[in-house]
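Remember, it's 1-based here, ligands and their atoms both numbered in the order they're listed.
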Amino acid sequence: MSGVPFQLPTISTDADVRRAFARDASGLEMTADAIARPTTIDEVAELLREATANRTHVTPAGAQSSTTGASIVDHGLLLSLRNLSRIHEVNTDTRTIRVGAGAIVADVRRAAEAVGLLFTPDPTSEEESTVGGAIACNASGARSLRYGATGPHVRALTVLLANGDTLALRRPALEKNTVGYPVAHDPVEWFVGSEGTLGVVVEAEFALYTLPSQLLGLIVPFAHEADALAFVVAARRSTVVHPRCLEFFDQGAMDIARKAEGSSSWATGATAMVYVEETGAVEAHDAELPLDEWLALAEAHHAMAEDIRVYDSPASQHEARRMRHAVPATMNERGAARRSFGGRKVSTDWAVPYPRLAAALQVARRLADDAGIPRGIAYGHAGNGHPHQNFIAQDADQLRQIEQVVYATLREVIAMGGTVAAEHGIGKLKSRWLPLQASDAQQRVMRALKREFDPYGLLAPGNVLG
Ligand SMILES: Cc1cc2nc3c(=O)[nH]c(=O)nc-3n(C[C@H](O)[C@H](O)[C@H](O)COP(=O)(O)OP(=O)(O)OC[C@H]3O[C@@H](n4cnc5c(N)ncnc54)[C@H](O)[C@@H]3O)c2cc1C
């Protein structure tokens, strides 16, 4: 099934083009036999029909920001959806927006904001990822603490199956339904998070919401990490403050963030910090935001009060988010610098129920210490119990050691009621961990869905099911 035994004007086998699509953010490199860059849905359908007729593997790709090798492949056709990037006008009556799969997430957000509406999916990579990728990975971000991941906001999808057939799917507007198995109630759900293995998303309609009228950002440094994590738990349980995001930085992540902002001397005694965004209670839009209550909560958890920063203007809030983004971006650069030595960044994406995060981090670091490897850094969505513990493997030997430690950590995470991958999907790099989390019966249901939509197993080989 390797090779691409048919030609179409949208397909290139040029070596430079193939190389240009050979990397994503996983640190892996895989070169497909050919790259397809269709500009219309009809061209995608034609290509899939040919691929099925010729039993050729097809791997859909958006902007290739996957951290799990999901959007690269070492054979067959890589299908780039980037050119399907149309953003239709916002429908302000229905509060929806229809977009092509290749539209960049942040561009969709800006289109909604231009008419005073909120587009909720917010992966940190929003400037370099597509909505098709966000749907296929069920991407989430800092604000998912309040709004949830991408999936719930998808109202309708146009999906092409492996054989080129079109499915136009709309979420049922029903509030109650007892007909048949719940797994079949809402076909949109089948494709959210399917990582390119069940169908090719070509268009989507998203729900939009009222933009919050006010936003307050805070960065709260702590001398002791345990206090920072207790602050996060208290903020989630509070009825007085209403965080829409609670992002944690351990010391290593904090150092990167401070350097990116050019303020390395700020809060020098801190070992952790928490970034907070507050937009007020959903039901009380114009009420004053509870700054004093946040400061009191921080003080009650022994924050370094003098060093707390308040971000109350859009420009300063943009700066704060840039600091946050600097952490994964810097780690990606560090990982890339070790590629020629057989090393790379190893990013974890596990999550536990949020009150258990402090315990899970302790276990993860103990396992690293026991193996004699650096602990890496940990940062991210503490409000969801979801940090990214990232390591830089200096060479191939250390890579093997780190992977063993990660495996041991994931077993502990599962025992704590967690997940091995909360937002990046499992792609190729992490598909071997599927059995840690999904029972045999759950895996059989997934394989049955795969057989139903892609009977020849042509789409995204190696992703999810291995
Ligand atoms: C610096 C950085 C920060 C990140 N931060 C976050 C974060 O905060 N939250 C988060 O969730 N992720 C994050 N990611 C991971 C990644 O950006 C997301 O998973 C993103 O949604 C992938 O979108 P993409 O367009 O790059 O998709 P790709 O990487 O191109 O593809 C990802 C998967 O989606 C499939 N796919 C893509 N388009 C389609 C389509 N149209 N139809 C069917 N399948 C398709 C591919 O086959 C593949 O399986 C980050 C990555 C980086 C590098």
Checklist line | side-chain hydrogen bond (donor to acceptor under 3.5 Å, both in side chains) between N163 and Y456, intermediate numbers included | finding: CA-CA 10 Å; N163 64 5; Y456 300 113; over 6 Å; no
Note to self: Quick test: of every protein heavy atom, which one is nearest to atom 30 (O) of ligand 1, and how far off is it to 0.1 Å?
What the structure shows: G62 N, 2.6 Å
Next item on the list: Any atoms of ligand 1 less than 4.0 Å from a non-hydrogen atom of S66? List them with their elements.
Entry: 29 (O)
Margin query: Quiz question: by atom type and distance under 3.5 Å, do the side chains of H88 and E205 form a donor-acceptor pair?
Written below: no
Check: Does any N or O atom in A61 lie less than 3.5 angstrom from one in ligand 1, N or O only?
Finding: no
Checklist line | For the student: nearest non-hydrogen atoms of I72 and K428, plus distance | finding: O-NZ, 2.6 Å
Note to self: To check your reading of the model: name the closest protein heavy atom to atom 13 (C) of ligand 1, its residue, and the distance in Å.
What the structure shows: H424 NE2, 3.3 Å
Next item on the list: On the 0 to 90° scale, with breaks at 30° and 60°, tag the F119-F206 ring pair as parallel, tilted or perpendicular.
Entry: perpendicular
Next item on the list: Check ligand 1 against G133 and write out every atom of the ligand that is under 4.0 Å from a heavy-atom position of the residue.
Entry: 21 (O), 23 (O), 24 (P), 25 (O), 27 (O), 37 (C), 38 (N)
Check: If you measure from the Lys or Arg side-chain nitrogens to the Asp or Glu carboxylate oxygens, is any gap between R146 and E278 under 4.0 Å?
Finding: no
Next item on the list: Pick one of side chain, backbone, both or neither for how P123 approaches ligand 1, counting any non-hydrogen atom pair under 4.0 Å.
Entry: both
Margin query: Which residues pass the side-chain contact (heavy atoms from CB on, under 4.5 Å) test with R19, not counting sequence neighbours?
Written below: A15, D16
Margin query: Among all protein heavy atoms in this structure, tell me which lies nearest to atom 49 (O) of ligand 1, with the distance rounded to 0.1 Å.
Written below: E195 O, 3.0 Å
Notebook entry, point to check: Do ligand 1 and T130 have nitrogen or oxygen atoms that lie under 3.5 Å from each other?
Noted result: yes
Next item on the list: Please report which non-hydrogen protein atom sits nearest to atom 10 (C) of ligand 1, along with the residue it belongs to and the distance in Å to one decimal place.
Entry: S140 O, 3.4 Å
Check: Nearest to atom 42 (N) of ligand 1, what protein heavy atom do you find, and at what distance?
Finding: V201 N, 2.9 Å
Check: ligand 1 versus D122, non-hydrogen atoms closer than 4.0 Å: side chain, backbone, both, neither?
Finding: neither
Check: Does an N or O from T67, backbone or side chain, lie closer than 3.5 Å to an N or O of ligand 1?
Finding: no
Check: Heavy-atom contacts under 4.0 Å between S129 and ligand 1: side chain, backbone, both, or neither?
Finding: both
Next item on the list: Run the numbers on T197 and D454 for side-chain contact (heavy atoms from CB on, under 4.5 Å), then give the verdict.
Entry: CA-CA 8 Å; T197 59; D454 180 17; over 6 Å; no
Next item on the list: May I ask you to list the atoms of ligand 1 that are less than 4.0 angstrom from any heavy atom of A70?
Entry: 47 (O), 48 (C), 49 (O)
Item checked: Enumerated ligand 1 atoms positioned under 4.0 Å from heavy atoms of A101 -> 41 (N)
Next item on the list: Please work out which of A63, G199, S125, G132 has its closest non-hydrogen atom nearest to atom 43 (C) of ligand 1.
Entry: G199
Check: What residue and atom, counting heavy atoms only, is the protein's closest point to atom 22 (C) of ligand 1, and at what distance?
Finding: S65 OG, 3.4 Å
Item checked: Proximal atoms of ligand 1 relative to A134 (non-hydrogen, under 4.0 Å) -> 21 (O)
Notebook entry, point to check: Which one holds for A460 and ligand 1: side chain close, backbone close, both close, or neither close, with close meaning a heavy atom under 4.0 Å?
Noted result: neither
Item checked: Shortest protein contact, atom 45 (C) of ligand 1 (heavy atom only) -> A136 CB, 3.5 Å
Next item on the list: Give the ring-plane orientation class for F231 versus F222, where under 30° counts as parallel, over 60° as perpendicular and anything between as tilted.
Entry: tilted
Checklist line | R365/E225 salt bridge by N-O under 4.0 Å criterion | finding: yes
Check: Can E277 and R143 be counted as an ion pair, charged N to O under 4.0 angstrom?
Finding: no
Notebook entry, point to check: Using 4.0 Å as the upper bound for N to carboxylate O, is an ion pair formed by R322 and E319?
Noted result: yes
Checklist line | N332-ligand 1 polar pair, N/O distance under 3.5 Å | finding: no
Next item on the list: Could you find the nearest protein heavy atom to atom 31 (O) of ligand 1 and give me its residue, atom name and distance?
Entry: S71 CB, 3.4 Å
Check: Taking only heavy atoms of N463, which atoms of ligand 1 are found under 4.0 Å from at least one of them?
Finding: 49 (O)
Checklist line | ligand 1-proximal atoms of L81, by part, heavy-atom distance under 4.0 Å | finding: side chain
Notebook entry, point to check: Hey, are R171 and E189 close enough for a salt bridge, meaning a charged N less than 4.0 Å from a carboxylate O?
Noted result: yes
Margin query: So, using side-chain contact (heavy atoms from CB on, under 4.5 Å) as the criterion, who are the partners of T120 when residues are at least two apart?
Written below: L118, Y147, H153, Y209
Notebook entry, point to check: With under 30° as parallel and over 60° as perpendicular, where do the rings of F453 and W190 fit, or are they tilted in between?
Noted result: tilted
Notebook entry, point to check: Looking only at distance, does T59 have an N or O less than 3.5 Å from an N or O of ligand 1?
Noted result: no
Notebook entry, point to check: Should the pair H388 and Y379 be assigned to parallel (<30°), tilted (30 to 60°) or perpendicular (>60°) ring geometry?
Noted result: tilted
Next item on the list: Using a strict 4.0 Å cut-off to heavy atoms of A25, name the atoms of ligand 1 that fall inside it.
Entry: 53 (C)
Notebook entry, point to check: Between E126 and R321, does at least one N-O distance fall below 4.0 Å, as a salt bridge requires?
Noted result: no
Notebook entry, point to check: Atoms of ligand 1 less than 4.0 Å from A139 heavy atoms?
Noted result: 11 (O), 21 (O)
